[in-house]
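Everything numeric in this text was worked out from a predicted model, so none of it was measured. Each ligand, and each atom within it, is numbered from 1 in the order the structure gives.
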Amino acid sequence: MSEEKTHGSGAVEPGDTSTRVGAEVIRERGVDPEELREKLIDAIGAEFTTYYYYTNLRMHLAGEEDYKEITEDARLEDRAHFELVVPRVYELEGSLPNDIRDFADRASCPDAEVPTPMDDTGGFDTSDLEVEDILEVLLEAERCAIRTWSEICDMTREADPRTYDMAQRILNEEMDHEAWFIELLSKERDGEINPAGHFARGEPGDAPYSTNNRFNDSA
Ligand SMILES: [Fe+2]
Ligand SMILES: [Fe+2]
């Protein structure tokens, strides 16, 4: 005998593929899924551009192998953060901009550029480039990421457990990253011992929180 099941139907008509229950349940809980997904695109724009900029920053820590290693962990984990959240954008009926310039422009954090001008030959003028200046750029990029993912945690905590789970995983790693660069900058610039409390990842860019469930094997 057929009986009415509480969740057997809802606001979306059976067979309707133009509307997603996965988005409507978020709206019913008070968060606009369109606004959320646009914020996610901005946030992963910052992860993607940071991955690019950290490549340059890491290389210019020439001769500082320990600093390079830590920067590489942070760099690869930012790529993992981008990979983790991309499918969520599409689930919420968004898409990545077709033009990468648009994507970079809307990133929610400043460009983490090498803190020295380019010279006439197309390279960097490294004559006054100090390691501590690079470490400061890295630290401030991590702080922007912490603020960004904290905001997304706040937006989704009661309304969207799936996005919240992703954001809090990423936030865990961003807090690791801030602690790493506080330790390195304190020592390099101020001669202070300011431990992160961590050791290097087991493998470069291990991403222990954001990929520990392997949402996406390419991450
Ligand atoms: Fe990140
Ligand atoms: Fe980071």
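- Note on H177: its N/O/S atom closest to the Fe ion (ligand 2) is ND1.
- In H81, the N, O or S atom that comes nearest to the Fe ion (ligand 1) is ND1.
- Side-chain contact, Y164 with E158: no donor N or O sits under 3.5 Å from an acceptor N or O.
- Between the Fe ion (ligand 2) and the N, O or S atoms of E142, the shortest distance is to OE1.
- In this structure, E91 does not pair ionically with R37, as no charged nitrogen and carboxylate oxygen lie closer than 4.0 Å.
- For L76 against Y51, the heavy-atom pair with the smallest separation is CD2-CE1, 4.3 Å.
- When the N, O or S atoms of E174 are ranked by distance to the Fe ion (ligand 2), OE1 comes first.
- Closest N/O/S atom of E47 to the Fe ion (ligand 1): OE1.
- Atom OD1 is the N, O or S atom of D78 at the shortest distance from the Fe ion (ligand 1).
- Residues A196 and E183 approach most closely at N-OE1, 2.7 Å, considering heavy atoms.
- The two residues L96 and I44 have their closest heavy-atom pair at CD2-CD1, 4.0 Å.
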